[in-house]
Amino acid sequence: MTDVPASVAAEVAQRRGGAARRWRLAAWLIGRSFASMLGLVLVAGIVGLALLGPWIVPYPEHVIGQVNLGDKLKPPSMANWFGTDEVGNDILTRIIVGARLSLLVGVGITFAAAAIGVPLGILAGTAGGRLRETIMRFTDLFLSVPGLVLAIALVAALGPGIGNAMIALILVWWPGYVRLSESKALAIREEPYIEAARVSGASRFRILWRHVLPNAISPLIVKMSMDIGQAILAVASLGFIGLGAKPPTPEWGAMISIARGYLPDYWWYAVFPGLFIYLSVLGFNLLGDGLRDILDPRSHRT
Amino acid sequence: MLTYILRRIGLAGLMLFGLVCLTFVIANIAPSDPAALAAGPDAGRSQIENLRREYGLDRPLHEQFVRYVTDLVQLEFGRSVATGRAVGTDLARYFPATLELCLVAMAIGLLFGVPLGIVSALHKDGPIDHVTRIFAVSGVALPPFWFGLLLQLAFAAWLGWLPTSGRLSVFTEPMEPITGLLLVDSLLAGNGSLFLEAASYIALPALVLSFPCLAQILRVNRSEMVEALRADYIVAARAHGVRQRRIVVVHALKNAMLPTLAIIGLRWGWMMSSTVLVETVFDWPGTGLYAVSSAIAGDFKPVMGVTLIVGLNFMIANLIVDLLYGVLDPRLRSA
Amino acid sequence: MTNRVNRRHFLQGAAALGAAGTFAPFSSVAFERDGNRKILVFTGNQAVPVLDPHWRYDWSTRMIQQSVYDGLLKYVGTPPKIIPWLAEKYEMSPDGKTYTFTLVGNAKFHNGDPVDAEAVRYSFERALKMNAGVAWMLKAFLKPENIVAVDARTVKFTLDRPYAPFITYVPWWYIVNPKQVKANEVDGDLGKKWMTEHEAGSGPFKLRRFDATSLIHMDTVPDYWNGWPMGEKNRLSGFIYRIIRESAPRKAALQRREVDVMAGVTPDDFQQMEKVPGVKMVNFPGFTSFGIKFNCQVGPTADVNVRKAIAYAFDYDAVLAIHNGMAELMTSPFPTPITGHVAVPDMPRRDMAKAKEYLKKSKYPDGGFELEYVHVQGLEDPRRIGLSLLDALRQLDIKVNIVAQPWPTMTARAGKAETAPAMMSVYVTPVGTDPDTVAYQYHRNSWGLYYGVSHYENPAVWQLIADARGETDTAKRMAMYAEIQKALVADQPEIFCMMANRIWGMRDYVRDFAYSPVRSTSEIDPYPLWIEA
């Protein structure tokens with residue numbers, strides 16, 4: 001999916017070096033691609049909402065579990081841009097505050113999964129032998145498991161709640177990172193400079209730290225950016241099934257789950273939270289896509 | 001080659017066992033009392049104990065596990081505590097619906113993914129390309145449950161063109177299953193109206209389910225096409241006029257076939273899993289809906305059964321892809 | 001599969017071909033016809049996994065069971081009344097231990113066998129032996145060997161000791177044909193496997209098609225032994241129960257006349273649907289009580305003053321608002337239609353001053369603790385009531401943690417006071433009108449069962465409950481229940497909350513819809529229904 005000039009330019013930039021120059025080039029590349037730009041804007045928007053949320057919402061008291069049954073299920077209006085929900089809370093307010101939760105959960109799951117998967121993968125890739133075999137077979141087991149079904153079963157067993165949803169999703173998410181980092185480690189294991197480092201007596205840890213990790217970092221960033229989006233989506237999916245955040249915590253998927261019972265007459269209740277899920281996942285995916293073009297120009301082909 | 005195949009199959013079997021262990025653990029971490037579920041809300045203590053014995057829930061866990069595995073070997077999935085029905089029978093009933101949905105979705109993915117990929121490569125960096133790129137990323141970004149609800153609102157509630165949910169109309173007497181796939185069965189029976197009806201019911205859920213897959217197929221075909229267009233001989237051939245374009249397309253399609261096949265294989269298992277959401281939205285009587293409603297009720301035998309069936313699909317699809325690659329790409333055989 | 005293409009198929013196919021896939025013809029068909037008789041289509045959300053009347057019951061299951069089977073007696077009307085059915089009369093011995101039923105002479109099973117005393121004896125014995133479903137009602141008082149078929153039309157039940165509620169349970173014990181059951185027995189399973197999807201009954205309907213999770217089609221029995229109340233001319237051809245899980249498509253189906261009666265209407269839908277031409281919405285006072293049960297043994301709620309404080313802080317009006325007014329607040333621990341119900345004068349209503357006063361008397365005068373509120377996963381009303389509880393208790397500085405759990409987890413937690421949540425919301429539908437049905441959930445013997453999750457302790461009340469079940473003098477017995485109701489309100493083992501109205505939507509041509517609160521929420525009696533059009 002790379003544009004020819006982009007990949008060429010990136011290679012050129014890498015060769016010439018110069019951090020400032022590289023950044024400028026990256027910025028230029030992102031700016032040049034409409035899709036990447038859109039991704040950046042969307043992600044910035046979501047992060048902005050997450051940071052400012054509680055201070056900019058019109059009805060801050062509507063997220064702590066107030067009940068205003070007199071105002072329930074009002075259509076969008078000047079007072080409530082996105083209408084009100086089944087207990088009379090402002091939907092816009094709950095969506096904005098929900099952004100923080102979704103973002104935190106998305107980032108949390110992704111980082112936790114990477115924190116488990118990357119060391120395991122590098123270990124497998126550099127160690128080889130029986131250890132690698134064990135790690136990779138275990139990874140394969142989890143990769144061959146239907147992720148969503150497993151997560152649903154887990155949360156159903158543990159009980160609904162955002163914490164359990166995160167645990168379940170981390171559990172089905174880490175193997176991807178093992179695969180990725182293992183292949184990267186494997187690829188450069190035979191490179192002459194690693195041989196050289198090994199011969200010159202560098203410790204295994206040092207080799208890992210100095211050579212393997214930096215090499216894996218670009219595809220890792222790309223994958224993580226995409227995964228944040230997918231994790232947001234996955235948590236929302238669990239919420240939709242009814243296994244997400246506990247009330248009164250505003251969570252997008254859970255909102256749609258409840259809203260579904262009020263379709264089609266009270267359509268706004270389901271439409272707006274979903275729009276925000278879509279936009280934030282889209283943002284992270286476009287950004288990841290754009291980052292791939294810049295950071296990892298050669299690996300774009302699946 | 002044979003040893004490679006045997007090895008892969010052996011590994012798949014090992015993993016299946018791993019999956020059985022995993023589902024068993026999950027089903028037993030809940031502090032729940034399945035016997036009480038089986039007995040119903042009004043039951044007294046003696047009734048609950050009676051059922052606990054009947055379901056073997058009074059046995060120690062390792063014994064229950066052994067029994068579960070021996071039953072599985074005989075293709076017995078156990079009984080649902082909530083309904084008392086055999087999970088195997090239920091699965092046999094629901095699986096064809098899920099299979100049909102996934103097959104149709106896959107077909108939609110191919111039907112639209114390939115041409116859209118070619119078109120966007122031919123208009124690289126143009127507005128069409130940007131639109132298809134966002135469209136492609138949307139494929140994985142659109143929450144399927146929300147997309148489904150939107151389509152229901154638009155096509156069922158507002159326009160009234162298509163039915164909201166389900167697999168057939170309330171009144172339609174479903175035919176005795178031949179393959180279990182309604183679209184196929186109705187054609188085999190020569191029942192055109194039943195076919196049209198089934199098609200109208202499957203359209204929306206299949207569309208939603210196909211979207212991520214469509215997006216991926218689109219991207220692969222686009223990049224193969226871009227690659228083909230860039231090749232030297234093509235550049236040279238361009239001088240010969242528009243007719244050559246057709247050659248380019250054919251060439252790119254050939255190249256794109258293998259990765260497209262791989263995507264079909266990988267996406268197949270994924271589809272079987274994510275159909276859970278689509279089936280929930282569209283009330284589609286398949287394994288996904290079965291799993292969700294059982295999980296919500298705290299009835300784990302059906303959930304375990306569905307996980308195994310879906311896991312099996314994952315593994316078989318992966319195996320086929322691996323073997324295909326093994327055949328087509330001999331370098332992998334030694335790996 | 002018959003390849004008979006009926007009018008509907010034809011219309012649909014033609015329209016789909018002609019009008020670019022427009023499925024408007026769905027709406028042109030009012031109700032299914034079979035010859036010149038009509039089929040009534042009913043829709044609800046719940047499957048009928050097991051048809052066996054001695055194996056399980058819930059609203060959807062029992063609706064079908066009572067259509068294909070008959071009981072000795074039957075509940076009808078509101079307030080619920082027990083009328084003779086397979087038994088034309090019964091007598092109780094003066095000591096309250098022996099009941100003698102005389103059967104009608106003309107009842108026949110669907111295969112032509114007569115419904116005789118032996119069939120009755122066998123059915124009760126089978127239910128007791130299976131020890132599932134309805135067995136709990138009589139298990140402790142009736143031994144299989146004490147049921148005797150005296151002659152072809154006389155059955156005698158001898159109870160171990162007097163049990164006043166006996167008659168109120170009998171209508172739910174359906175009579176099966178022993179010959180058919182025995183013929184289909186496998187490994188001494190009492191025909192359980194076969195009875196899951198087949199019937200061996202004498203009821204007004206015969207099973208035509210049974211698909212547990214999507215559709216159940218029953219035909220009317222033309223020469224039903226008890227006749228048809230609407231007359232032979234108006235008798236339906238059959239009754240279809242169509243399972244549609246989600247409310248939106250259910251609503252749409254009713255609006256498009258694809259179904260004739262719909263269950264599971266939410267109060268929020270009610271007003272919307274009322275405006276649809278041709279649709280009639282009905283709502284009746286309910287019988288299912290919703291309560292929030294406190295843990296009376298462990299944690300802050302072990303303190304009666306804390307329980308009282310919460311009961312006074314609770315926003316009862318919010319509950320009514322959630323149901324758009326279609327609910328009735330409890331005026332006693334017993335639902336109104338229960339025999340012996342009295343309105344207890346000092347039932348708590350929202351009064352923050354009183355709430356604070358009670359809290360001051362407790363060990364936690366300023367609140368500052370958190371309580372768990374558990375409800376059944378996926379149920380919408382208890383979740384919203386939880387939210388209103390959370391809102392209400394904020395003023396006492398009590399935090400509420402709303403937790404949704406699957407039913408078996410809840411029952412497992414109810415098992416011990418140590419694991420029981422501080423507050424658990426439960427719906428209780430009494431299976432009969434006898435006060436014992438409701439009162440017994442507060443007895444020591446109910447500890448650990450879901451309705452005994454409170455682990456309520458008051459030996460004086462326990463004694464009263466135990467004595468009242470054996471009391472044969474009705475006046476004395478009712479006085480005891482009045483006392484029990486007052487004592488329960490004083491001890492406040494739960495917030496006695498409300499009874500939601502039962503709501504159905506139906507087409508305006510549906511006739512003789514007969515409501516009886518003693519049925520479960522959503523459950524209807526298909527027998528008297530017919531269509532006038």
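Naming convention: chains lettered A, B, ... in sequence-line order (proteins, then strands); numbering from 1 in each chain.
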Roughly how far, to the nearest 0.5 Å, is [atom2] of [Y] from [atom1] of [X]?
X: L233(A); Y: L277(B); atom1: CG; atom2: CG; value: 8.0 Å
X: I152(A); Y: S273(B); atom1: CD1; atom2: OG; value: 7.5 Å
X: I277(A); Y: W146(B); atom1: CD1; atom2: CH2; value: 8.5 Å
X: M37(A); Y: H130(B); atom1: CE; atom2: NE2; value: 13.0 Å
X: L14(B); Y: D140(A); atom1: CG; atom2: CG; value: 10.5 Å
X: L149(B); Y: L263(A); atom1: CG; atom2: CG; value: 5.5 Å

Determine the option with the most heavy-atom pairs under 4.5 angstrom with chain A, choosing from [options].
options: L153(B), T23(B), V25(B); result: L153(B)
options: W270(B), F300(B), F314(B); result: F314(B)
options: S274(B), P143(B), G311(B), A295(B); result: P143(B)
options: L312(B), I296(B), N313(B), V303(B); result: I296(B)
options: V140(B), L150(B), V276(B), T164(B); result: V140(B)
options: V306(B), N318(B), L19(B); result: L19(B)

Would you mind checking which part of [X] comes under 4.5 Å of any heavy atom in chain A, side chain (CB onward), backbone (N, CA, C, O), both or neither?
X: L142(B); answer: both
X: A157(B); answer: side chain
X: I26(B); answer: both
X: L22(B); answer: side chain
X: W158(B); answer: side chain

Residue from G39(A), G159(A), S237(A) scoring the most non-hydrogen pairs under 4.5 Å with chain B is S237(A)
Contacting moiety of [X], where chain B heavy atoms sit under 4.5 Å:
X: L243(A); answer: side chain
X: L38(A); answer: side chain
X: F142(A); answer: side chain

Looking only at heavy atoms, which two atoms of G18(B) and L141(A) are closest? And how far apart?
-> C-CD1, 3.8 Å
Considering all heavy atoms, the nearest R260(A)-T280(B) contact |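 Closest pair (atom of R260(A), atom of T280(B), distance): NH2-O, 2.6 Å.
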Do other residues, nucleotides or ligands put more than 12 heavy atoms under 6.0 Å from the CZ atom of F24(B)?
->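 Yes, because the 6.0 Å sphere around CZ of F24(B) holds more than 12 heavy atoms from other groups.
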Can you tell me if CZ on F147(B) sees more than 12 non-hydrogen neighbours from other groups inside 6.0 Å?
-> yes
List for me each residue that meets side chain to side chain donor-acceptor pair (under 3.5 Å) alongside T98(B), sequence neighbours excluded, and say none if there are none.
-> E279(B), T287(B)
Side chains of F145(B) and I241(A): does their closest heavy-atom pair fall under 4.5 Å?
-> no
Under a 4.5 Å cut-off applied to non-hydrogen side-chain atoms, are R133(B) and D289(A) in contact?
-> yes
